Protein chains: 2
Amino acid sequence: MATMKDVATHAGVSLKTVSRVLNNEPHVQDKLRQKVFESVKEMGYVPSTSARNLRSNRTYTLHLITENIEGNFINTIQSGALRAAQKFGYNLVPTLLAEETLSSPKALKAWCKEFITQKKPDGVILVPPHSDQPLINQIFNQANIPVSRIGPNDIEISDSVNVTIDDRKAAKEVTEYLIRHGHRRIGFVRGIEFHGATHRRYDGYCDALREAGIGIDENLVKPGQFSFESGMTAGKALLELDQAPTAIFAANDDMAAGVIVSAYMKNLKIPEQISVVGFDDSELAERIWPSLSTVRQPLLTYGEQAAEFLVGRAGKHRNEQDKTPVQTELLEYKIIIRASTGSVSH
Amino acid sequence: MATMKDVATHAGVSLKTVSRVLNNEPHVQDKLRQKVFESVKEMGYVPSTSARNLRSNRTYTLHLITENIEGNFINTIQSGALRAAQKFGYNLVPTLLAEETLSSPKALKAWCKEFITQKKPDGVILVPPHSDQPLINQIFNQANIPVSRIGPNDIEISDSVNVTIDDRKAAKEVTEYLIRHGHRRIGFVRGIEFHGATHRRYDGYCDALREAGIGIDENLVKPGQFSFESGMTAGKALLELDQAPTAIFAANDDMAAGVIVSAYMKNLKIPEQISVVGFDDSELAERIWPSLSTVRQPLLTYGEQAAEFLVGRAGKHRNEQDKTPVQTELLEYKIIIRASTGSVSH
DNA sequence: TCTTGATATGATAACGTTGTCAATTGGGTG
DNA sequence: CACCCAATTGACAACGTTATCATATCAAGA
């Protein structure tokens, strides 16, 4: 395996000159530059990442921090992040943190400390629900590690970059769509309570009802866990009400799929007797029958932008003074109307 | 940041002794061992991965090599691999290879060479369709990099470890299930042709028909791409036949979901008029209506075992002579009967 | 011609580990 | 008491880069 020293000897220059050429540093004659490049090619030289990492105190590694990488949501984000990271020669490493880190700040701090010293990430990507937590973001900031947060709740609190959509507005719009189609009794299925998205989407739902002069009926709001099963449970509860809703808005697609199944089990026709909308536009939305109306989040772009930002930051010299300003990428969402929604029949 | 040297000074021993203690090497007095551990704890020392990597010529990194990480199949495998890797302190890095590497051996070799020299993987996990290719496996073997293959076609060809189920037998069993329930015209939707699984499952389907004395009707076999859309197309084609099948076996769940939707579009009742089975037991299978009968592959276990094996291999000293013997982990599959299959009605 | 300052180049140190090998110690044996 | 083998310990080199600093070169100005 050829090293930089071999290349230097072959090209008749010093080690440092080769280093300069390969790192695009100035102060090298074009003639020597050429010669070095030729030697590199000729010897099939590939730099040693390990050596570079050690000396430069970097790892060329971004970490996607999450409790679980299963599921369409995180999977798609990861895919976007991976593409961007790989394009710039970075590794993207999914990293699982223990569940107790969500409830115990102490456990979180301990985990982060060990993680940082051991892995020396060049950047981290936080996804819900951890992107909602100010503390974890703060810990990484103090360690001077760039952070990208996806779908965070409070976009002002940190000097990370936030990549998100306007959940509340999207939820409002999709609720308005239902109202426009004659629905007045609209059920809502919440997500996990410590996910900010649960509250933002619920708020949007309320906004639309309020503006339409429809009172918020607590009976029409059911808890959920963002899971298919919890969607089934909530759907069943809503459909068994004395005054059942004519439409149900679930805070994500998995739960909406559960609602649809609960409707099938009651032999209700969708969308003739009950309209259903979800949120995310996951893989599932197009694969079920009837296909699901939903809100498309640009998940791939979330991942791409989050990673690209980190690469940009990591490339620069770390400087205690030079903190990142708050920066928020507010991406476009899109209401996707498919076959699971219809007009209310009088 | 405390280094090993600091720990050595603090404990009043040499650098090497600390190293020995931390690497669980013999030839250190218990007394000193204790002292070193105390100093490590006291100083909050964490070893530098970069330095260790450089010196030991390892990276503590496993790569999951694939064209695309999206989709339930690869996502679940990755999850299993990640858990196992992280448990042993390894990074799991998903790595995308260019699509042309499948058709061009030259491109594949070039890609692998650069990948190996640059990333110095401690082990690689190959998934379909690349796990079916003898060449890629051979390249890594020559570079002395341990390989785990998931669901490979030919389990004898290499000195990798293979983690798989008996696809053919599973496909046969599920077809037999349909036959037992009175089906004699059973459609089959193939997958991508250069995936070994496509052929293995088709062979199992044929085995069952042959043993039952049912001739194989070419009209009942349709091509597919393992995608939902291709399942819809194939389902439509099958259901429009003059002599339509009473059951359809799709080579994976995504296509089975497509078949189900194509049946809905023809107003057919499932399973009363048409039974559908898939393969994989993906997330989707339980979320659609009617829930899908299928074959469960232990995807999480695939990933876990593949990664665990690599960690075990990477730990040992690389030795040209000491090649891995062919080793195949044949895991258990399970036929899952849900609501999409029923008896044929006369 | 002599400075001067900018540009170009290289010698050498440094990063924090692990590997090699020599030195020291200790306990049993002749 | 001398001897030997094994266990213990440490000094130092090595991994392949990047960073620091000194030196060499050169064009322009005095």
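Because the structure is a prediction, the values reported are computed rather than measured. Just so it is clear: chains get the letters A, B, ... in the order the sequence lines come, proteins before strands, and each one is counted from 1.
Out of D/dT18, C/dG16, D/dT9, the shortest distance to the side chain of B/Val28 is found at D/dT9. Of all nucleotides listed (C/dT17, C/dA8, D/dT8), C/dT17 comes nearest to the side chain of B/Ala51. For A/Leu54, counting side-chain heavy atoms from C-beta on, the closest listed nucleotide (C/dT17, C/dC15, D/dT18) is C/dC15. When each of D/dT18, C/dT17, D/dC15 is scored by its nearest atom to the side-chain atoms of A/Ser56, the top-ranked nucleotide is D/dT18.
Taking every heavy atom of both residues into account, B/Val18 and B/Met4 meet most closely at CG1-CG, 3.6 Å. Of all heavy-atom pairs spanning B/Ala85 and B/Leu62, the tightest one is CB-CD1, 4.2 Å.
Taking atom CG on A/Asp6 and atom C1' on D/dC15, their separation rounds to 13 Å, with Å as the unit. The interatomic distance linking B/Arg58 (CZ) with D/dC15 (C1') rounds to 15 Å, in whole Å. The separation between A/Gln118 atom CD and C/dT17 atom C1' is 15 Å, rounded to whole Å. Look at NZ on A/Lys120: it is 10 Å from C1' on C/dC15, rounded to the nearest Å. For B/Lys31 and D/dT8, the NZ to P distance is 13 Å, given to the nearest whole Å. One can place CE of A/Met4 at 15 Å from P of D/dC15, the figure rounded to the nearest angstrom. Rounded to a whole Å, the NE2 atom of B/His27 is 15 Å from the C1' atom of C/dG26. We find that CG of B/Leu15 is positioned 10 Å from C1' of D/dC12, with the value rounded to whole Å.
Heavy atoms of B/Pro26 sit nowhere under 4.0 angstrom from any nucleic acid atom. Looking at heavy-atom distances under 4.0 Å, A/Asn53 makes no contact with the nucleic acid at all. At a threshold of 4.0 angstrom between heavy atoms, the contacts of A/Leu32 are confined to the sugar-phosphate backbone, with no base atom among them.
In the interface, the side chain of A/Lys16 is paired with the base of D/dA19 through a donor and an acceptor atom under 3.5 Å apart. For B/Lys5 against C/dG16, a side-chain-to-base donor-acceptor contact under 3.5 Å is absent. Residue A/Arg20 places a side-chain atom within donor-acceptor reach of the base of C/dG10, judged by atom type and a 3.5 Å distance cut-off alone. The base of C/dT18 is paired with the side chain of B/Arg55 by a donor and an acceptor separated by under 3.5 Å.
For A/Tyr45 and A/His10, the gap between ring centers reaches or exceeds 6.0 Å.
For the pair A/Thr17 and B/Thr3, both in contact range of DNA chain C, the more 5′-proximal nearest nucleotide belongs to A/Thr17.
OP1 or OP2 of D/dG10 lies within a sub-4.0 Å distance of a side-chain N or O belonging to B/Ser14. The side chain of A/Tyr60 places no N or O atom within less than 4.0 Å of a non-bridging phosphate oxygen (OP1 or OP2) of D/dT17. Phosphate proximity of D/dA7 to B/Gln29: absent, as no side-chain N or O sits under 4.0 Å from OP1 or OP2. Contact annotation: A/Asn57 side-chain N/O to C/dC15 OP1/OP2 distance is not under 4.0 Å.
A salt bridge does not link A/Arg83 to B/Glu67: none of the charged nitrogens lies less than 4.0 Å from a carboxylate oxygen.
No side-chain donor-acceptor contact under 3.5 Å links B/Thr66 and B/Asn68.
Remark: side-chain polar atoms of B/Arg149 are paired, donor with acceptor, to backbone N or O of B/Ser131 under 3.5 angstrom.
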